[in-house]
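Structure first, commentary second.
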Amino acid sequence: MDFKSTLHLPDAEATIPMKANLPSLEPAIQETWKKGSIYNTIQKSRATAPVYVYHDGPPYTNSPIHLGTAMNKILKDFCVKSRTMMGYRVPFVPGFDNHGLPIEQAVMKKFAEKKITPTIPELRQACREHAAHYLGVQTEQFKRLGVFAMWDLPYTTMEFKFEAEIVRVFKRLSEGGYVYKGLRPTLWSPTSRTALADTEIEYHDHVSKAIYVRFPLLDDPNQLFEGIPNVFTIIWTTTPWTIPANLACAFHPEFNYDLVKVGQNHYLVLQDLVPKISEALGWEDIEVVKTMEGINFENMTFKHPIFDRPSIAVMATYVTTEDGTGVVHTAPSHGRDDFFTGQAYGLPVPNTVDEKGVLTHEAGEFEGTFYKKCDEVVVDRLSELGMLLKAYDYSHSYPYAERDGQPIIYRATEQWFVSLEHDDLRSRMLASIQKVEWHPAQGQTRIESMIRNRPDWCISRQRPWGVGIPIFYGAKSRIPVLDAVAIESVAQLIEKEGSDAWFIKDASDILPKGYQHPETGETEFTKETDVLDVWFDSGSTSMCVLEGNVHAEWGETLPADLYLEGSDQHRGWFNSSLILSQAIRDQAPYKAVVTHGFVTDGEGRKMSKRLGNVIDPVVASDQYGADVLRYWVAGTDYVNDVPCSDAILKQFGESYRNVRNAMRFLIGNLKGFNPSMAPAKLEELDEWLVEQVDLLVDDCVSSYEGFDFGAVMTSVHNFCRQQLSAFYSDAIKDFMYCDREDSVRRRSGQQACYYAAKTLTQLVAPVLAHTAEETWTKMHETMGLTNESIHTSVFARPDSSRLQEIEGSDIQVRFAELQSVRQEVNGAFELHKGTDGIKNSQEVVVYITTDQDTFDVLETFSRADLANYLKVSWVEYFVGDSEVRFERSPYYECVRSRIRRPDVSEIEVDGEKVYLSQRDREAIGL
RNA sequence: GGGCUCAUAGCUCAGUUGGUUAGAGCGCACCCCUGAUAAGGGUGAGGUCGCAAGUUCGAAUCUCGCUGGGCCCA
């Protein structure tokens, strides 16, 4: 007789295939999601559920996504999917950031290759097309990763209605009185008379006129140098033409400064630099009169070396001990450091150089001189006044404009700012930060110090690709109009025709008929030509998207429950979003912020083309599967640097297979089962598993709540390996295969397998989105049922009374003890193996001598079950000094079930003598 | 140079308030199974917890310094 055919072996057809073949499986699953419009289906399934709003930070659409972008979006997807499975409705509107310099530069490069100089509208059109192209590319890439979102209606910052809403955010901001115009140093090309971006600069060797200049002490409020005559400090600079704009001398607060006596004069310079200065200035007999830390000089003033005005002592940490004198010439109009230091001390920003590089009337006697020429003039004048200590040619690297190869300068230009002091905005933000939940907690320290120390926000850019700043100027007065009516007229124009229209149309075509300047009554206007900083665009998204002003589908849902971005966004998006939301709505736009680190290679080094260590997320998905990539994201601690390499992905591929096969086995046992059947009274082994599963659910759902996806996957993986593969799945084989198909024992086992399979699939679904869908579908198919997407289902989290019931339940305690006995038996058998030709534990009877407690526990199991659990032929146990030993089993092996037990005996079947156990005879009706 | 931060087996991670021989999984080695089979099981090797000093009866855990990464700024 063919006994094997009477067994109920797992049916490969009834379960998922062992080999996932994710690269081809995933696109197929994604196709079914697309057909069933998964996003909408999920939203509908949660129509009445509480809402959890996750607001997407927009990636920049100038290239395909890289691994970091992928990780970011996958993490967001984990949040969205897991929160959805907790029963929330989690609307997710994906965003794209479209304006700004990188796209403009990419486009300009293409024009340059064709030797075309585009008009502004042509350039903007090309930028729009470029952004639209990558918007499409990125969308497809995100879909390939299995990310669910409202892909049919994303927010894009260049969409007309969105641009209009950005203008309205500006309107609300200016209505609140936060917007002002001021001067600020900008990288400037005097030859092409334009502002330049950092990326348009290249450095070349350059010979400058370097000078040492002395500044006489003017006021010494703390009388540090009382009674000492002829006190000066000395600065060193390579830009003599900026001396007319000097307003301060910067000292390092923590460094030591010496007051050195040279002849009749006393000079205050950095102690460490005294030797260098002495050499440069030819000092011989010097005497250190006094030494003190820079901090002491705060409030001291010196006299400007040319003009009759003070130059105040200020503190700055960028003062170095390398060059110069340790005292830094500070001209707020001509350097960023200088400007910020000046802001901190409330210094003005004199407009000493015009757009052609010629000094203005604010430069006094130097008015009308070109800046380069001015070097000489200033040197001569200083020399004449006896303030010049030395002048010489100095070769160093100096910024040049990429476009015309000419040297550039910093000059003060008019810019638009958002004031952080108006209405106590800064302190209101600091208060809001306290109320936000920051994951990890350090994020709070980081943003706090940035908000506390950042200067006013300069929101204007002298660029073509952006949303024009909606400001009109009186044609004659040049006085700007910060009037809601005027700005709204711009918003309405842009809503209809896009922000291009702002650049094309005349002011008179935009403003309402007969509009008068609120301050001057003028009726003729010109327009601002600057655009908004792109951080203004993205900083506006909380309002543009979550107030639902652009598309009602996006809903009124401020503040968002969650923002999740890389830690660089403390300075970027978290910052700009907070400023605008606090100023306009007087609240932070987010309740919780999760930040993640950056992807590195396997060695912890940044990925770069140069190092050849770049992993492309789409290539990796097509090679290993998006689920493996997603497993990697979950399995790595995203708070710190996130290492990735082929070896690492392979490793997660292994873990993936472990989980997959564990689930595969469970489902393979479900044939003939249906969850609507009357529930069987579970056998204790099955009850044990169900309780273990419930503990796992609780553990994993709390981990999901805490954004700890690594803990979820570690728990699930360990569960699959230890509880399932190593124990439960092995233990049920005997009766699942050999008992009668419709036996109570099998039914109990199936019920447990179903529960475990269903639950595991759900737990894993936010991470292994495709595999879970595959498993879910297959499982229902095997049971002859139809199903909704797993992503509409809800975690079955046990309540606290159920958890209490499980903790310390009789079954859990007994099985825990069993596990430790199992470990001892396994260890002992490993040593016994080989003696007497024994290879396999099924060949032996184990004799366990143990203490009374363990004995009592063992006694609660049947011998047959114990033998099954311990993978041996039979078990004998005694009380006494701990010992485990083995003897060859005296029992016959059942030809059908391969067990060797006392009840196996000879029987004649079809004229053939075979050994069969009692159970097996019953199972096949003998 | 400044702010924030990280460093535990080859790899990915756990290690509660400082307290017995530092844990898990993957990988690796050897063995078993061949009725989960391009699967499954068992056992084992592998760490001076980045380095150095200090506090303490006792430190992977606390302090300081150093080295090397990462983000932001300069």
Side-chain angles (χ1 to χ4, degrees), chain A residues 3-5 7-12 15 17-19 68 252 316-322 336-337 340 440 442-450 452-454 566-572 575 595-606 631-632 634-637 639-645 647-669 708 710-711 713-722 724-727 729-730 732-734 736-738 822-823 825-831 833-834 838-843 871 896-898:
Chain A
F3 292 104
K4 183 165 175 176
S5 67
L7 297 171
H8 319 296
L9 297 178
D11 180 355
T15 189
M18 180 178 295
K19 197 166 185 309
H252 194 293
T317 49
Y318 50 79
V319 174
T320 72
T321 57
E322 305 298 311
R336 278 182 212 175
D337 281 343
F340 293 132
Q442 304 93 277
Q444 182 170 345
T445 323
R446 189 159 171 179
I447 194 154
E448 238 175 39
S449 78
M450 281 173 179
R452 187 168 289 130
N453 299 320
R454 69 161 294 161
S567 61
D568 57 334
Q569 298 305 331
H570 286 108
R571 171 157 288 273
N575 206 302
T595 52
H596 59 77
F598 284 74
V599 177
T600 66
D601 71 4
E603 265 72 57
R605 262 184 283 276
K606 195 172 173 157
Y631 202 146
W632 160 73
T636 317
D637 180 14
V639 171
N640 301 317
D641 304 336
V642 184
C644 189
S645 64
I648 290 171
L649 289 174
K650 278 193 187 108
Q651 182 193 324
F652 282 103
E654 291 302 323
S655 298
Y656 169 83
R657 274 185 277 282
N658 294 154
V659 173
R660 181 180 180 86
N661 277 308
M663 299 205 293
R664 175 173 187 269
F665 179 80
L666 294 174
I667 295 168
N669 286 306
D708 192 350
M713 294 314 285
T714 300
S715 296
V716 166
H717 188 243
N718 283 338
F719 184 85
C720 288
R721 298 258 74 180
Q722 293 160 5
L724 286 177
S725 291
F727 181 63
S729 294
D730 226 26
I732 63 170
K733 282 177 189 168
D734 178 64
M736 290 307 281
Y737 296 176
C738 306
R822 215 167 69 93
Q823 266 193 352
V825 171
N826 282 340
F829 182 75
E830 200 64 22
L831 298 173
K833 212 159 43 178
I838 301 273
K839 284 180 168 180
N840 183 343
S841 60
Q842 302 282 9
E843 298 173 67
K871 304 293 294 175
R896 182 167 177 269
S897 65
R898 296 174 180 171

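Order of the sequence lines fixes the chain letters, A, B, ..., with proteins taken first and strands second; residue numbering starts at 1 for each chain.
In RNA chain B, stems built from 3 or more consecutive Watson-Crick or G-U wobble pairs, each with both distances under 3.5 Å, span B:1-7 with B:67-73, B:10-13 with B:23-26, B:28-32 with B:40-44.
Between B:rG35 and A:Lys4, a contact under 4.0 Å exists linking OP1 or OP2 to a side-chain N or O. For the OP1/OP2 pair of B:rC26 and a distance below 4.0 Å, the side-chain nitrogens and oxygens of A:Tyr656 include no atom meeting the criterion.
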Show the distances under 3.5 angstrom between N or O atoms of the protein and N or O atoms of nucleotides 29-33 of chain B.
{"unit_1": "B:rC31", "atom_1": "O2'", "unit_2": "A:Lys833", "atom_2": "NZ", "d": "3.0"}

Quick test: give all pairs of protein nitrogen or oxygen and nucleotides 38-40 of chain B nitrogen or oxygen below 3.5 Å, distance rounded to 0.1 Å.
{"unit_1": "B:rG40", "atom_1": "OP1", "unit_2": "A:Arg721", "atom_2": "NH2", "d": "2.9"}

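Within the 4.0 angstrom heavy-atom criterion, only backbone atoms of the sugar-phosphate kind lie near A:Gln722; the bases stay farther away. Among the protein residues, A:Asp337 comes within range of the sugar-phosphate backbone only, with heavy atoms under 4.0 Å from sugar or phosphate atoms but none that close to a base.
Nucleotides B:rG23 and B:rA9 are separated by 11 Å at their C1' atoms, to the nearest Å. Comparing B:rG19 with B:rG58, their C1' atoms are spaced 7 Å from each other, to the whole Å. A gap of 24 Å separates the C1' atoms of B:rA45 and B:rG50, to the nearest Å.
Rounded to whole angstrom, the span from the CG atom of A:Asn718 across to the P atom of B:rU12 amounts to 17 Å.
Applying the side chain to side chain donor-acceptor pair (under 3.5 Å) rule to A:His717 yields the partners A:Asn658; only residues at least two apart in sequence or on another chain are considered. Partners of A:Glu830 by side chain to side chain donor-acceptor pair (under 3.5 Å), not counting sequence neighbours, listed by chain and number: A:Lys833.
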### Task
Any chance you could list the contact pattern along nucleotides 1-10 of chain B? Use B for base contacts, S for sugar-phosphate-only contacts and - for none, protein heavy atoms under 4.0 Å, 5' to 3'.
--BBSS----
